Each structure stands twice: as structure tokens, then as C-alpha cells.
Chemist: 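Here it is: the structure, laid out below.
Note that the structure is a prediction, hence the values are computed from the model and not measured. We're numbering straight along the sequence, starting at 1.
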Amino acid sequence: MLRNGIRYISNSIVSLKGSRNYINRKTGRGCGNSVLPRFEWRYDKVQMSTQPKLRVLCLHGYRQCDQSFRQKTGSTRKLVKALTDFEFVNGPHSVAVDEHLPTSRAWWFSNAGAMSFSSREQTDVVVGFEESVEAVVKFIEENGPFDGLLGFSQGASMVHLLIAKAQLGEIKLPGIRFAVFFSGFLSLSSTHDYLTSLRIKDFPSLHVFGDADEIVARPKSEKLADQFEVPPLRIAHDGGHLVPAMSKHKEKIAGFMKEQLENIITP
């Protein structure tokens, strides 16, 4: 029997006689002129149509890893959990300064001697970058499809470089239609100049940056946002180099995600 979206199924059949006899569905006991045998009801929820959700692949920052970044984005993910599912990918390179701990990863290094990275370093070095590109592309192929990319700090810069390479036809990012950047910046490696100078077309983006960020100053994140032709959504917070609690900006970030979902459902 179907009632209010729940199908009730009796585990046994009981003959109900008498006008006053009925079954209490909470207790499973019979009531009325006589005591009926007790039996239990079980119910199966009828499969309802579920709301479609976005799938977003997240790239952590330098000296982080997939699991630590998952924890750092918890409050933000909670705000849009009804709209978006998040997946996390690990950078393929361990960091020497952290004694190659598995929890300290990188997407590339700007200093070949020290095998380290700095967003402030002018260089022509991008050690490990191509390996990281291949790793992300392979992850998308094996675990996709994804609708968008999200990155923090070096991960945000990596997201931008991947989008640029895809726009030039160097790689394929099937299904990727938008991106979210936290403390993003343009790579300062001259090897990336042809990518960082490229105008990104037909690609919605959300950029979040901190006024007190001393590692990636706000103007650097603003400069990255300027490379997108579709007017980006920009959110400034008063914190530093981190993924902040976004409760103050819930309507903005939820609105952005909802818009991307609608674009995918009705392209």
C-alpha cells in the first residue's frame, strides 16, 4: 500500500473481523473487540526523483594534500551541499622541505635546486608541472565527469593553467564549464607566459581573496580574475591566506553554483 511516498508491506496476513478492529501502524498491535496477533510492519521508501547536483574537482594548495584540503573546505562545502558534490585530487609531488611527507604535496616547483615553490618567485622553472597536468587529466578521465574545478593558492593557479591549456587545445577537460578560485594568482614562470597572457573565453568563474592575505595579496588574485572575459564573481573577505568561512557570502556562492547547475540542465 502506498501512502505519502511510503510503501507499507505486511510481514504476515491477518484477518480483521469486526467493525472496530484496526491495526495501530506505530505499534503493530490490533485494537478493538478482540486482541489480534501482533505483527510488524516494514516500509520501503519509494524512489523519488533526486535533484541533480554539480560535481566539482578540488585542487589543494602547496604543502597540502587532498585530505587536509577536504577538511579546510568543510564549512564552504556545507553551504552548497544541496547543489554540489566535491571530489579531491592529490598533487603528484612530495615536498623536500617537509621531508617528503605524504601530507605535503605540490603541483610544480619554481626552484629546481631546493625543489620548492613560491608564488612570488620570478623564474623559468616549472619542475613537475607537466606530470601534474597528466595526473589531473587522468583523474578526470577515470573519475569524471566533472562540471567544474576548484583550487586554492597553487592549486588555483594550476586550475587556471589547465583551463588555458584546454582552451588552446593542448589537453581535454571534458564537461568542465566553470571554476572557483581561492587566493588564486597568475604563475610567474616565464614558461607559462603564453598561458597566463591568454584571455579565457566563455568560462564563468568565482574568485575569493583576502584583504589580509600576505602570501597572495589581493591585487594578484584580482589580476587572475581579470583574465576571464565572462565577468567573474568576486568575493573579498577580511581574512588571510585561507579558505574562509563563507556564511556571510552564502547567497552569493550558492547563487553562483545554482546558476552553473541551471546552465548544465538547460544549456
Chemist: Hey, are Asp85 and Lys53 close enough for a salt bridge, meaning a charged N less than 4.0 Å from a carboxylate O?
Modeler: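 The answer is yes: the pair qualifies as a salt bridge.
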
Chemist: How far does NZ of Lys250 sit from CD1 of Ile253, to the nearest 0.5 angstrom?
Modeler: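 Going from the NZ atom of Lys250 to the CD1 atom of Ile253 covers 11.0 Å.
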
Chemist: Given the ring of Phe209, does Arg218 sit roughly above its face, with NZ or CZ under 6.0 Å from the centre of the six-membered ring and within 45° of the axis?
Modeler: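 Negative - Arg218 is either too far from the ring of Phe209 or too far off its axis.
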
Chemist: Is it true that Phe129 and His192 have ring centroids separated by less than 6.0 Å?
Modeler: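 Yes - the distance between ring centres of Phe129 and His192 falls below the 6.0 Å cut-off.
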
Chemist: Hey, is the main chain of Thr103 close enough, under 3.5 Å, to the side chain of Gln64 for a donor-acceptor pair?
Modeler: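 No, the answer is negative, given that no donor and acceptor are paired below the 3.5 Å cut-off.
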
Chemist: Compare all side-chain heavy atoms of Val80 with those of Phe256 and state whether any distance is below 4.5 angstrom.
Modeler: no

Chemist: Keeping the roles fixed (side chain from Arg55, backbone from Phe146), state whether a donor-acceptor pair exists under 3.5 Å.
Modeler: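 Answer holds: no.
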
Chemist: Check whether any side-chain heavy atom of Ile265 sits under 4.5 Å from a side-chain heavy atom of Pro52, and report yes or no.
Modeler: yes

Chemist: How about Met115 and Val127: do any of their side-chain heavy atoms sit closer than 4.5 Å?
Modeler: yes

Chemist: Tell me if the CD atom of Glu142 is crowded by more than 12 foreign heavy atoms within 6.0 Å.
Modeler: yes

Chemist: Quick check on the hydrophobic clustering: are Ile140 and Val180 connected, directly or via other members, by side-chain heavy-atom contacts under 4.5 Å?
Modeler: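 Unlinked, Ile140 and Val180 end up in two clusters.
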
Chemist: Show your working on side chain to side chain contact (heavy atoms under 4.5 Å, CB included) between Val89 and Asp66 and close with a plain yes or no.
Modeler: CA-CA 6 Å; Val89 59; Asp66 54 351; over 6 Å; no

Chemist: Hey, could you give me the CG/CG distance between Asp213 and Leu242, rounded to the nearest 0.5 Å?
Modeler: 7.5 Å

Chemist: Linking I/L/V/M/F/W/Y whenever their side-chain heavy atoms sit closer than 4.5 Å, directly or via other members, would Leu57 and Phe181 fall into one cluster?
Modeler: yes

Chemist: Give me the atom names and distance for the closest heavy-atom approach of Ala166 to Leu173.
Modeler: CB-CD1, 3.8 Å

Chemist: Apply the test ring-ring contact (aromatic ring centres under 6.0 Å, His included) to residues His241 and Phe152: give CA-CA distance (whole Å), side-chain angles for both, the deciding distance (0.1 Å), then the verdict.
Modeler: CA-CA 9 Å; His241 193 65; Phe152 169 70; 4.8 Å; yes

Chemist: Measuring from Leu206:CG to Gln260:CD, what's the distance to the nearest 0.5 Å?
Modeler: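 Spacing of CG (Leu206) from CD (Gln260) equals 9.0 Å.
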
Chemist: After noting the C-alpha distance and the side-chain angles of Phe109 and Val126, does the key distance pass the side chain to side chain contact (heavy atoms under 4.5 Å, CB included) rule?
Modeler: CA-CA 6 Å; Phe109 301 105; Val126 288; over 6 Å; no

Chemist: Using the rule that Ile, Leu, Val, Met, Phe, Trp and Tyr join whenever any side-chain heavy atoms are under 4.5 Å apart, tell me whether Val56 and Ile200 fall into a single cluster.
Modeler: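 Hydrophobic grouping puts Val56 apart from Ile200.
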
Chemist: For residues Lys220 and Ser119, report the shortest heavy-atom separation together with the two atoms involved.
Modeler: NZ-O, 4.0 Å

Chemist: Do Ser104 side-chain atoms and Leu101 backbone N/O form a donor-acceptor pair below 3.5 Å?
Modeler: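 Not confirmed, Ser104 side chain does not pair with Leu101 backbone.
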
Chemist: Give a yes or no on whether Leu186 and Val230 share a hydrophobic cluster (residues Ile, Leu, Val, Met, Phe, Trp, Tyr; joining criterion: side-chain heavy atoms under 4.5 Å apart).
Modeler: no

Chemist: Does His249 use its side chain to pair, donor to acceptor, with the backbone of Ile235 at less than 3.5 Å?
Modeler: no

Chemist: Looking only at heavy atoms, what is the nearest atom pair of Ala212 and Asp238, with distance?
Modeler: CB-O, 3.7 Å

Chemist: Calculate, to the nearest 0.5 Å, the distance between atoms CG and SG belonging to Leu150 and Cys58 respectively.
Modeler: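 It comes to 4.5 Å.
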
Chemist: Below 4.0 angstrom, N of the basic side chain to O of the carboxylate: do Glu130 and Lys165 qualify?
Modeler: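 Yes, Glu130 and Lys165 are salt-bridged.
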
Chemist: Can you give me the closest heavy-atom contact between Leu83 and Met257, atom names plus distance?
Modeler: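 What the structure gives for the nearest pair is CD1-CB, 4.1 Å.
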
Chemist: Just checking, is any N or O donor in the side chain of His207 or Ser205 under 3.5 Å from an acceptor N or O on the other one?
Modeler: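 Side-chain D/A pair, His207 to Ser205: present.
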
Chemist: Taking the side chain as C-beta and beyond, is there a heavy-atom pair between Arg63 and Arg105 under 4.5 Å?
Modeler: no

Chemist: For Asp147, is there any backbone N or O sitting under 3.5 Å from a side-chain donor or acceptor partner on Arg177?
Modeler: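 Absent.
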
Chemist: Decide side chain to side chain contact (heavy atoms under 4.5 Å, CB included) for Asp193 and Ser190; before the verdict, give the C-alpha distance in whole Å, the side-chain angles of both, and the deciding distance to 0.1 Å.
Modeler: CA-CA 5 Å; Asp193 282 352; Ser190 60; 3.7 Å; yes

Chemist: Between CE of Met158 and OG of Ser132, what distance do you get to the nearest 0.5 Å?
Modeler: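 Result: 5.0 Å between the selected atoms.
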
Chemist: Donor-acceptor check, side chain of Arg77 to backbone of Arg70, threshold 3.5 angstrom: yes or no?
Modeler: yes

Chemist: Under 4.5 Å between any side-chain heavy atoms of Phe139 and Val137, yes or no?
Modeler: no

Chemist: Do Leu233 and Val243 land in one hydrophobic cluster if side-chain heavy atoms of ILVMFWY residues count as linked below 4.5 Å?
Modeler: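 Yes, because Leu233 and Val243 connect within a single hydrophobic cluster, where side-chain heavy atoms sit under 4.5 Å apart.
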
Chemist: Salt bridge check: are Asp226 and Arg234 linked by an N-O gap of less than 4.0 Å?
Modeler: yes

Chemist: For Phe182 and Met246, what are the C-alpha separation, side-chain angles and deciding distance, and is it a side chain to side chain contact (heavy atoms under 4.5 Å, CB included)?
Modeler: CA-CA 11 Å; Phe182 287 89; Met246 297 292 290; 4.3 Å; yes

Chemist: Keeping the roles fixed (side chain from Gln227, backbone from His160), state whether a donor-acceptor pair exists under 3.5 Å.
Modeler: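 It does not hold such a pair.
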
Chemist: Go through it in stages, so that I can follow the logic: the residues are Asp124 and Thr191, the test is side chain to side chain donor-acceptor pair (under 3.5 Å), and I'd like the CA-CA distance, side-chain angles, deciding distance and then a yes or no.
Modeler: CA-CA 5 Å; Asp124 59 356; Thr191 305; 6.0 Å; no

Chemist: Restricting to non-hydrogen atoms, name the atom on Ala225 and the atom on Pro232 that form the minimum distance, rounded to 0.1 Å.
Modeler: O-CG, 3.6 Å

Chemist: Between Glu121 and Leu188, is there a side-chain heavy-atom distance shorter than 4.5 Å?
Modeler: no

Chemist: Under the 3.5 angstrom rule, does the side chain of Asn111 hit a backbone N or O of Gly113 as a donor-acceptor pair?
Modeler: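 Flag set: sc Asn111 to bb Gly113 pair under 3.5 Å.
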
Chemist: Under 4.5 Å between any side-chain heavy atoms of Thr73 and Phe88, yes or no?
Modeler: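 Side chain of Thr73 against side chain of Phe88, heavy atoms only: contact under 4.5 Å found.
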
Chemist: May I ask you to decide if the ring planes of Phe228 and Phe203 are parallel, tilted or perpendicular, using 30° and 60° as cut-offs?
Modeler: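 Geometry flag for Phe203 against Phe228: tilted rings.
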
Chemist: For the OH atom of Tyr62 and the OG atom of Ser118, what is their distance to the nearest 0.5 Å?
Modeler: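 Reported value, rounded in 0.5 Å steps: 9.0 Å.
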
Chemist: So, the side chain of Gln167 versus the backbone of Lys201: is there a donor-acceptor pair under 3.5 Å, distance only?
Modeler: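 Yes, the answer is positive, given that a donor and an acceptor are paired below the 3.5 Å cut-off.
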
Chemist: Can you name the closest pair of heavy atoms from Thr196 and Ser187 and give their distance?
Modeler: CG2-O, 3.7 Å

Chemist: So among Phe117, Trp108, Trp107, which one has a side-chain contact (heavy atoms from CB on, under 4.5 Å) with Ser157?
Modeler: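 The single option meeting the side-chain contact (heavy atoms from CB on, under 4.5 Å) with Ser157 is Trp108.
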
